[in-house]
Amino acid sequence: MKKKSQKIEIGYILIIVILAAAGRISFFHDYRNTPAYPVLEASDSQAYYYWSRDIESGKLIPDKAFMKWPFYAYFLGFIFKFFGIDIAAVYLLQYILGIINCLLLFYIGKKLFNIHLGFIAALFYCFYALFLFFESLLVYTTLSIFFNLLFFLYLINISNKPLIRDFILPGLLLGLCTITQANVLLFGILAVIWILIMADMAFKSRLCCFVVFIFFSLLVISSATLTNYIAEDDFVFIAGHLGINFYIGNNPQASGLFDDLKGIGQSQEGMFRDATIRARHYSQEDLKTSGVSRYWLKRALIFIKNRPGKYLKLLAKKMNFVFSPDEFIHDMEFSMVKDKIRVFRFLFTDLRFIMPLSLLGMFLGLKSLKKTMLIYLASGVFLMSIAVFFVDSRYRIMAVPFLIIFASFAVFRSFKAAKKRNYRLLGILSASAVVLYFGLQYNPHNKPQPPTAFERFFYQALEYEFRKDYTQAIKFFEIADRIRPGDEDVLFRLAVLYYRLNDFSRSRQTFERVLSINGLNVDAYYNLGFLYNLQGDYHKAVAGLEKACSFEPENPKYNFELGLAYKGIGETDKAKRALKMALKRISPWRQKDKNLIIGELNQMISSEGG
């Protein structure tokens, strides 16, 4: 009997690995022929790529506190340092992690219920397309899921007879999970409390276990806190983006999804930078990262306090989105690859099947609450934590492995009912699944507003821009401009595109229009200064670039152009100071840019000597 069960397990594992590997091989074969590969310009992936290159080249302490979850960047930096700068190799590693995640889910299902349910769960994981998609981006999602599932599996293993020493490793694991993506922290604490409540042990022993767990969790998390303090002399627990993210999801214009804010950059780096500039401008204080986060948090809380009715409607809307079968993906890569990936035809590209089955499984699991409580906690914390901010598929996907366990439970119970010829129970389960399917699928409250004509043309133009079809991009941006005249984002993109097509005069005029709309647009000041330098109008270049540097005094790109402008008007001392600042702050791995700055400095020193 034992040999038979071992053969079944080996068979299941082989099927899981073959299916998971085949899906990823097929995905990558098509993905590398899309404009999103290897890294899309101005994307979150590019931001993590640049950050990891800084780390790989020896810059372990950033210039200021973290504005994003840090561990993934250090993970990438380690790979680049010891295995070379090879993005394809990173994707291969993430595909391997994806296959391991399938197996971890298999063992979680097996441990909690039985091997057959674990197999069903692993199949769901293999056939959910978004796991493959996020494995093909330079973002923390796959690594975070890996740590979360490993942590969850370890908790299951120690839950029956926990000892004090058993809480060292889960404490360390929770710390890693948290600095990879922090919304797991609450789940980890609640899960351990539940395990200790259910354990047959004295109160003193429970307390010791909990203290050991928290100590080792904080030991790992404090590495981020300490790094932030060294970098900026500021207390930032892990990352400083909590405030702006909370405001994005909780403001008078919030939709419940990730929305672009007026005057705030659309890229991740641009968003954090502009949030800082605006917070400092409106508060009239030189705020550090924690102060910027508090500023936006306070603005969101003022909205909640002053307009509680609207906030409650917004919260209800977000709750509907949380349980929607639709996907809400703001990563531009998805729209560029979804029609090009052939394996997507055979995979689930949304939660239309998983979500109703998981809700049915949640209901069925109430009968064995002691066994299923940890899955309820994981699903609840991951889903509710995004509803507090905003709903986005990249964050909701953290809950999907646990929703899959519930969905697999519903499927297994249906198979079991069919096997036992309990047609009454099978009929009830099938009817319930159908009702939930159509109820979720056709619920108008869990659907986002359809894109407006402006949004359709704007995002179509962005896609053309990413594809480097600048003429078509301009055409669609100009249509968007006619629909919504004077939109800052449209005008800025048009100005950039005019420059790329060498229409410098039109580009300059359009950047000036942007600044007439938003005097805090640092990118417009920089680009104007760059254009004036290009055309030899150095006095105007100085004015624009000094303004840009007043917003970001240590930005190497701004200081380099400012140095050139000072040189152009004969202000040699100021030029050298600006160039030295650029050289000091330039990323260590940007050797070509460093050589350019050094060349300009040497040229000025030589001319002075002559």
Side-chain angles (χ1 to χ4, degrees), residues 124 127-131 133-134 141 183 245-246 248-260 300 303-304 307-331 334-335 338 344 347-366 375-376 378-411 429-452 455-456 459:
F124 270 120
F127 284 94
Y128 181 56
L130 289 201
F131 288 130
F133 171 68
F134 286 114
T141 307
N183 58 349
N245 279 347
F246 190 68
I248 289 170
N250 299 279
N251 69 78
Q253 283 75 46
S255 69
L257 304 175
F258 179 85
D259 299 311
D260 295 326
F303 157 68
I304 294 169
R307 306 185 71 176
K310 185 165 185 176
Y311 169 71
L312 289 174
K313 287 181 181 178
L314 176 62
L315 189 59
K317 195 175 183 181
K318 287 191 278 189
M319 291 300 296
N320 268 297
F321 289 152
V322 161
F323 292 101
S324 171
D326 294 337
E327 296 294 354
F328 311 104
I329 305 171
H330 80 268
D331 299 271
F334 188 74
S335 63
K338 64 180 179 181
F344 272 12
L347 303 177
F348 307 134
T349 54
D350 56 32
L351 296 177
R352 72 179 67 185
F353 298 112
I354 292 173
M355 188 61 79
L357 286 171
S358 68
L359 292 175
L360 179 59
M362 286 179 191
F363 176 75
L364 295 172
L366 291 171
I375 320 175
Y376 283 107
S379 304
V381 168
F382 284 121
L383 291 175
M384 295 309 104
S385 63
I386 63 170
V388 171
F389 292 87
F390 51 80
V391 180
D392 182 86
S393 291
R394 192 200 295 178
Y395 306 120
R396 187 174 66 169
I397 201 173
M398 295 299 134
V400 172
F402 304 101
L403 295 178
I404 283 173
I405 295 287
F406 278 123
S408 303
F409 186 52
V411 171
L429 293 175
S430 301
S432 300
V434 169
V435 168
L436 285 168
Y437 175 86
F438 285 104
L440 291 172
Q441 196 70 21
Y442 297 103
N443 176 8
H445 300 294
N446 66 17
K447 308 291 179 186
Q449 290 293 320
T452 62
E455 289 168 337
R456 287 199 304 272
Y459 287 110

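All heavy atoms count here, side chains included; hydrogens, waters and symmetry mates do not.
Although no hydrogens or angles enter the test, the distance criterion places a donor-acceptor pair under 3.5 Å between the side chain of Arg456 and the main chain of Pro451. Judged by distance alone, with hydrogens and angles left aside, the side-chain atoms of Tyr376 form a donor-acceptor pair with the main-chain N or O of Leu366 at under 3.5 Å. Remark: side-chain polar atoms of Lys310 are paired, donor with acceptor, to backbone N or O of Pro252 under 3.5 angstrom. Although no hydrogens or angles enter the test, the distance criterion places no donor-acceptor pair under 3.5 Å between the side chain of Asp331 and the main chain of Phe334. Judged purely by atom type and a 3.5 angstrom limit, Arg396 uses its side chain to pair as donor or acceptor with the backbone of Phe321.
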- Message: Between Ile404 and Ile354, does the side chain to side chain contact (heavy atoms under 4.5 Å, CB included) criterion hold? Intermediate values first, please.
- Response: CA-CA 6 Å; Ile404 283 173; Ile354 292 173; 4.1 Å; yes

- Under the side chain to side chain contact (heavy atoms under 4.5 Å, CB included) criterion, do Ile405 and Phe124 qualify, and how do the steps go? CA-CA 9 Å; Ile405 295 287; Phe124 270 120; over 6 Å; no

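Across all their heavy atoms, Ala399 and Phe382 have their closest contact at CB-CB, 3.6 Å. Between Gly361 and Ala410 the shortest heavy-atom distance is N-CB, 3.9 Å. Shortest non-hydrogen contact noted between Ala387 and Met319 is CB-SD, 3.8 Å. The two residues Phe246 and Ile304 make their nearest non-hydrogen contact at CZ-CD1, 3.9 Å. Contact record, Gly256 with Leu314: N-CD1, 3.6 Å, taken as the closest heavy-atom pair. Looking at every heavy atom in both residues, Ala254 comes nearest to Gly249 through CB-O, 3.7 Å.
Side-chain contact check for Leu360 versus Phe406: every heavy-atom pair is 4.5 Å or farther apart. The shortest side-chain heavy-atom distance between Thr141 and Tyr395 does not fall under the 4.5 Å cut-off. Counting heavy atoms from C-beta outward, Asn446 and Phe323 have side chains that stay 4.5 Å or more apart. Two residues are said to be in side-chain contact when any heavy atoms from C-beta on lie closer than 4.5 Å; Asn250 and Lys318 meet this criterion. Using a 4.5 Å heavy-atom threshold, the side chains of Ile397 and Ser393 count as separate. Residues Val400 and Phe131 are in side-chain contact: their nearest non-hydrogen atoms beyond the backbone lie under 4.5 Å apart. Side-chain atoms of Ser335 and Tyr459, non-hydrogen and from C-beta on, never get closer than 4.5 Å to each other. Side-chain contact between Leu403 and Leu383: present, with at least one pair of heavy atoms (C-beta onward) separated by less than 4.5 Å.
Asn443 and Asn320 share a side-chain donor-acceptor pair at under 3.5 Å.
Electrostatic pairing of Arg394 and Asp392 does not count as a salt bridge here, judged by no charged N lying under 4.0 Å from a carboxylate O.
Atom NZ in Lys317 sits 14.5 Å away from atom OH in Tyr311 (nearest 0.5 Å). Rounded to the nearest 0.5 Å, atoms CZ (Phe363) and CG (Leu429) are 10.0 Å apart. Note that the CG atom of Leu130 and the CG atom of Leu351 stand 7.5 Å from one another [nearest 0.5 Å]. With rounding to the nearest 0.5 angstrom, the CZ atom of Phe348 is 11.0 Å from the OH atom of Tyr128. For the atom pair CZ of Phe328 and CD1 of Ile386, the computed distance is 9.0 Å after rounding to the nearest 0.5 Å. Residue Ile248 holds its CD1 atom at 12.0 Å from CG of Leu257, rounded to the nearest 0.5 Å.
Other residues, nucleotides and ligands contribute over 12 non-hydrogen atoms within 6.0 Å of the NZ atom of Lys447.
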